[in-house]
There are 2 protein chains.
Amino acid sequence: MSGSRGRVGRIRQQHEGTILKAAEHVFARSGFQGATMAEIALRAGMPKSNLHYYFGTKVEVYRAVLAHILELWLAETDRFTPDADPREALSHYIEAKMRLTAERPDASRVFANELLHGAPEIGDYLRGALRALVADKSVVIRGWIAAGRMAAVDPEHLFFSLWALTQTYADFETQVGAVLGRSNLGPADYRRATDHVLNLVLRGCGLMPPAAIEEPPCST
Amino acid sequence: MSGSRGRVGRIRQQHEGTILKAAEHVFARSGFQGATMAEIALRAGMPKSNLHYYFGTKVEVYRAVLAHILELWLAETDRFTPDADPREALSHYIEAKMRLTAERPDASRVFANELLHGAPEIGDYLRGALRALVADKSVVIRGWIAAGRMAAVDPEHLFFSLWALTQTYADFETQVGAVLGRSNLGPADYRRATDHVLNLVLRGCGLMPPAAIEEPPCST
DNA sequence: GTCTATAAGTTGATAGAC
DNA sequence: GTCTATCAACTTATAGAC
């Protein structure tokens with residue numbers, strides 16, 4: 001307590017966390033240009049000069065927020081392995097993605113905004129780690145298809161579809177809410193959304209019987 | 001030619017069109033806050049005071065761009081009528097949406113940005129015309145499902161999925177391009193994307209045989 | 001209708017006391 | 001490490017000559 005130098009930056013770590021949390025919220029609402037340091041500082045409960053003390057510039061704050069988000073994105077445990085069950089792997093991925101979208105909508109929005117503006121800060125990540133990951137998993141999926149374990153679906157585009165189908169509930173929540181007649185989405189909405197996406201994708205990949213359609217007789 | 005007052009504002013109409021085209025591009029790239037009147041003026045090839053002469057304020061320019069886009073959105077001829085063939089109606093809608101996305105990606109991006117920021121300008125449209133449209137078409141779709149003409153899919157969420165699946169190719173083109181190893185998407189990419197979305201959705205709605213999966217024997 | 005010059009306001013960033 | 005005061009740059013919008 002009296003020691004002038006405790007473990008390196010315990011206070012620093014805490015304050016940086018507070019700032020990043022506030023920044024994620026503000027960047028999600030207003031985008032990079034629209035967000036102001038004053039607004040972030042207000043939300044973080046400290047004068048804006050402190051933000052500059054900890055991060056230097058506005059871009060650095062933004063980069064830190066993005067780095068935080070990319071960790072979330074990559075931490076998703078995916079089960080796309082040759083021996084896995086395609087249906088289980090896809091279900092698990094969709095559920096994980098949807099849970100992340102529901103729990104961290106602001107993270108999704110900051111990411112969406114960055115992409116929408118041409119990804120000036122995370123272009124390297126997209127062309128590097130993300131591209132490699134998709135390439136890897138696509139090999140696995142092509143293997144499943146060749147083995148007749150799922151319908152012929154373009155693996156890369158399947159990933160685009162999965163991202164779009166799940167993240168749309170955070171990025172465009174305003175639109176979804178307006179159409180459903182609510183101001184924002186609750187747990188029940190997300191449960192329904194998850195069921196819907198699971199059904200659509202699993203059936204779309206031939207991993208589910210096309211139930212609810214009248215069973216055609218076996219012999220034409 | 002010498003008449004001081006020809007048909008009302010022929011020049012005006014032309015110049016407003018030039019400005020709106022430039023504005024759509026700039027707003028798509030930079031968002032509302034990020035875009036500057038100077039940049040729009042430069043792209044439109046006129047001094048920025050002219051923009052104020054024609055539209056008054058920056059917000060008015062933005063509103064005009066959005067109004068232009070909403071026309072496009074609603075002009076989509078949809079064939080969701082009780083007697084229509086579900087498969088044909090869905091195919092047509094997907095193809096139209098994807099064509100619009102490919103031909104006017106900037107329009108999609110401006111719209112996406114507006115939604116992402118909480119739709120401050122078009123909230124009324126979302127809660128009014130759009131909600132009514134979706135409600136209407138959902139009744140039709142529920143009729144198809146009750147008649148056993150397609151699989152049980154939540155109609156409202158189906159629309160969210162269709163919008164997400166198609167517009168993602170414009171809004172997040174940077175991500176798609178990075179994963180596919182290109183700097184931007186060409187006609188071949190859009191053809192492939194359309195095929196993919198058609199397959200996924202039609203099969204997902206039970207409107208297509210789950211081909212490419214080994215046919216299970218008729219009797220278990 | 002078109003253009004240059006400029007006013008008025010906002011924002012990122014820093015200086016310097018504590 | 002924290003805070004107040006302030007600077008410098010930028011942006012919207014307008015005034016007023018042509």
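Source: prediction; values computed, not measured. Order of the sequence lines fixes the chain letters, A, B, ..., with proteins taken first and strands second; residue numbering starts at 1 for each chain.
B:R192 has no carboxylate O lying under 4.0 Å from a charged side-chain N of B:D189, or vice versa, which leaves the two without a salt bridge. Salt-bridge annotation for B:R104 and B:E24: present, with a side-chain N of the basic residue lying under 4.0 Å from a carboxylate O of the acidic one. A salt bridge links A:E156 with A:R142; the closest basic N to acidic carboxylate O contact falls under 4.0 Å. A salt bridge is absent between B:E39 and B:R43: the closest approach of a Lys/Arg side-chain nitrogen to an acidic carboxylate oxygen does not fall below 4.0 angstrom.
Between B:F159 and B:W163, the two ring planes are tilted [angle within 30° to 60°]. Ring-plane geometry between A:F32 and A:F27 is classed as parallel, the angle between the planes falling under 30 degrees on a 0 to 90 degree scale with a further cut at 60.
Look at B:H52 and you won't find any side-chain N or O under 4.0 angstrom from OP1 or OP2 of D:dT14. Contact annotation: A:H15 side-chain N/O to D:dT2 OP1/OP2 distance is under 4.0 Å. Between A:N50 and D:dG1 there is no side-chain N or O to OP1 or OP2 distance below 4.0 Å. Between A:Y54 and the phosphate of D:dG1, there is no side-chain N or O to OP1/OP2 separation shorter than 4.0 Å.
One atom, CD of B:E39, and another, C1' of D:dT12, lie 15 Å apart when rounded to the nearest Å. Taking atom OH of A:Y53 as the reference point, atom C1' of C:dA15 lies 16 Å away to the nearest angstrom.
Interface residues of residues 55-69 of chain B facing DNA chain C, ordered by number: none; criterion, heavy-atom separation under 4.0 Å. Residues from residues 19-37 of chain A with heavy atoms under 4.0 angstrom of DNA chain C, sorted by number: A:A35, A:T36, A:M37.
Residues A:S161 and B:H196 have side chains that bring a donor and an acceptor to within less than 3.5 angstrom of each other. A:E60 and A:Y54 share no side-chain donor-acceptor pair at under 3.5 Å. For the 3.5 Å distance criterion, the side chains of B:H15 and B:Y53 fail to qualify, holding no donor opposite an acceptor.
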Please write out the pairs of protein N or O atoms and N or O atoms of nucleotides 4-6 of chain C separated by less than 3.5 Å, giving the distance to one decimal.
unit_1, atom_1, unit_2, atom_2, d
C:dT4, O4, B:S49, OG, 3.2

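For the atom pair OG1 (B:T81) and CG (B:D136), the distance works out to 12.0 Å, reported to the nearest 0.5 Å.
The environment of NE2 in A:H68 is sparse: at most 12 heavy-atom neighbours from other residues, nucleotides or ligands sit within 6.0 Å.
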